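Accompanying notes for the structure given below.
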There are 2 protein chains.
Amino acid sequence: MTVTSRGGDHAASPPSGTRERIQAVALRLFSEQGYESTSMRQIAEELGFTKAALYYHFKSKEDIVRALLETMRSEVADLVMWAGSQEPGPDLRRQVIARWTAIMQHQGLRMFRFLSSNYRLVRDIRSDSGQREGMAAAMGRLFAVLTPPNASVEDRLRARFALLVINMTGMASRDIEADEDEILAATARISASLLPPEF
Amino acid sequence: MTVTSRGGDHAASPPSGTRERIQAVALRLFSEQGYESTSMRQIAEELGFTKAALYYHFKSKEDIVRALLETMRSEVADLVMWAGSQEPGPDLRRQVIARWTAIMQHQGLRMFRFLSSNYRLVRDIRSDSGQREGMAAAMGRLFAVLTPPNASVEDRLRARFALLVINMTGMASRDIEADEDEILAATARISASLLPPEF
DNA sequence: GTCTATAGGCCGATAGAC
DNA sequence: GTCTATCGGCCTATAGAC
């Protein structure tokens, strides 16, 4: 998955890993400082080379965002595909919460932070690149796993909040002194209690 | 409250309302487009004058942020003071949710969006202005109203999530087709169900 | 209170050498 | 793949006229 072309040569070139390193650094800086206040120069210097070298790997700053979006989209799509292959039921819903938590502990939290702080940027980038299916659609299919077919508005909201509280854990626990593990376990219980009742 | 000085003359000058109009426009643009991509020129033109005139009212762009922070801080402090004067109990907790919802429907949602997208900026601005008590402290006292004295980690998280879901309603309901009123009512029920049980 | 004009700096992006 | 050098543009902020 994610077969995007290099800047200089063609597709599927030997995996130097430079693009991935650029993406990771860029995502970290975007989520910590904001997209606009992170310059191409800063990203490059953090990686030990100059801005011009960066433009060899990505043809523009927005192109880095496009790559980040594709990475996250494919991660969500994978989770949805896995969920679609399982038996529906309370057990599946608990496992979706666990997997979502795992994604959010990887690069996901940074990604989520970036997405919610740059709604317009992301929307505008995605609308000019004719993408097959966006992350919003993938999220919609994920929520469908968590809700009965003709769920009420409240139940549909509950499904969305059940995943959102996981993303908000950092913000909510900033002033709570307790191990991270205890906080994550408590959040998982709260998330499960938010899910709409059995169906 | 909020007796900050004008740019040109001294304190308590006649309420031309220009500062307030500048704050409102700036907050809207900051929350919609981001702080960095909103320029002083754009704020000024939206109000029908030029950038230089803006610098008469606020000595810098960060100074606008300082004024916005003070406005929000005093709103939270007022809510905390009111809650402190009431009888504790389930009824008070429901009313705090209702008042929080009201604040968030005023300028609060924009403020919250701005705060969570510009954590570093806000922290750096507040640390060099020696402010008596920050918003974080005011929020802490608000959470205390919603939790028993020696609450568990889970209950403390529940209190924070109960308020956070109200701020997250817009994001969670983006793909749900229903009136705003129905969504708000459902969110209020979910928020109440998140509060830690009676104490 | 609002204006024009400008200083001084950083930005994204490109050209072309190595 | 990485570099130096540069372009054109927009930014925050200030000076000084009205």
Side-chain angles (χ1 to χ4, degrees), chain A residues 4-27 29-30 32-68 118 120-122 124-125 128-129, chain B residues 4-26 29-30 32-68 118 120-121 124-125 128-129:
Chain A
T4 40
S5 60
R6 297 300 140 116
D9 46 75
H10 314 91
S13 41
S16 70
T18 305
R19 269 180 74 97
E20 286 74 12
R21 284 169 57 229
I22 293 170
Q23 285 189 47
V25 167
L27 179 56
L29 295 176
F30 290 167
E32 285 174 357
Q33 313 180 333
Y35 175 76
E36 306 286 348
S37 38
T38 300
S39 68
M40 292 294 265
R41 187 180 56 78
Q42 192 186 6
I43 296 169
E45 282 175 359
E46 197 111 350
L47 285 155
F49 46 68
T50 65
K51 188 177 56 160
L54 204 51
Y55 278 95
Y56 171 80
H57 297 280
F58 289 95
K59 77 175 203 295
S60 70
K61 194 179 179 185
E62 295 196 352
D63 209 44
I64 299 179
V65 175
R66 255 183 284 274
L68 290 172
N118 297 279
R120 300 237 161 156
L121 170 76
V122 168
D124 294 347
I125 284 183
D128 58 46
S129 79
Chain B
T4 40
S5 60
R6 298 298 139 116
D9 47 77
H10 316 90
S13 43
S16 68
T18 305
R19 268 180 75 96
E20 288 72 11
R21 286 169 57 229
I22 292 170
Q23 285 189 47
V25 167
L29 294 176
F30 290 166
E32 286 174 358
Q33 312 179 334
Y35 175 75
E36 304 288 346
S37 36
T38 300
S39 67
M40 293 294 264
R41 188 179 54 78
Q42 191 186 5
I43 295 170
E45 283 176 358
E46 197 111 350
L47 285 155
F49 45 68
T50 64
K51 191 177 51 161
L54 204 50
Y55 278 95
Y56 171 80
H57 298 280
F58 290 95
K59 76 175 206 296
S60 69
K61 193 179 178 184
E62 295 195 352
D63 208 44
I64 299 179
V65 175
R66 253 182 287 273
L68 289 172
N118 297 279
R120 299 239 161 155
L121 169 74
D124 294 347
I125 282 182
D128 56 47
S129 79

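By convention in this document, chain letters (A, B, ...) are assigned in the order of the sequence lines, proteins followed by strands, and residues within each chain are numbered from 1. If you're wondering where the values come from, they're calculated on a predicted model, not measured in any experiment.
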Of residues 41-48 of chain A, the positions that come close to DNA chain C - non-hydrogen atoms, cut-off under 4.0 Å: R41(A)
Side chain of A53(A) (C-beta onward), nearest among dG1(C), dC3(C), dT2(D): dT2(D)
How close do Q42(B) and S37(B) get, counting heavy atoms only, and between which atoms? OE1-O, 4.0 Å
Can you tell me how far P of dT12(D) sits from OH of Y56(B), to the nearest Å? 21 Å
Taking atom CZ of F58(B) and atom CE of M40(B), what is their separation to the nearest 0.5 Å? 8.5 Å
Hey, does S37(A) reach any base, or is it just sugar-phosphate, or nothing, if we go heavy atoms under 4.0 Å? nothing
To the closest 0.5 Å, what do you measure between CG (D63(B)) and NE2 (H57(B))? 12.5 Å
Nearest-0.5 Å distance, CD of residue Q33(B) to OG of residue S39(B): 8.5 Å
Taking the side chain as everything from C-beta on, heavy atoms only, tell me whether F30(B) gets closer than 4.5 Å to N118(B). no
Mind calculating the distance between OH (Y35(A)) and C1' (dC11(C)) to the nearest angstrom? 12 Å
In 5'-to-3' order, the base (B), backbone-only (S) or no-contact (-) status of each nucleotide in nucleotides 13-18 of chain C, using a 4.0 angstrom heavy-atom cut-off, is BBB---
Taking every heavy atom of I64(A) against every heavy atom of A26(A), the minimum-distance pair comes out as CG2-CB, 3.7 Å
Could you measure the distance from the CD atom of E20(A) to the CD atom of Q23(A)? Nearest 0.5 Å is fine. 6.0 Å
Any T50(A) side-chain N or O less than 4.0 Å from OP1/OP2 of dC3(D): yes
Here the distance between atom P of dG12(C) and atom CZ of F58(A), to the nearest Å, is 15 Å
To the nearest 0.5 angstrom, please state how far the OG1 atom of T18(A) sits from the CG atom of L47(A). 8.5 Å
Would you mind reading off the distance between Q33(B) atom CD and dC11(D) atom C1', rounded to a whole angstrom? 15 Å
Quick check: do I22(A) and F49(A) have side-chain heavy atoms less than 4.5 Å from each other? yes
S39(B) side chain, from C-beta outward: closest of dC11(D), dT2(C), dT2(D): dC11(D)
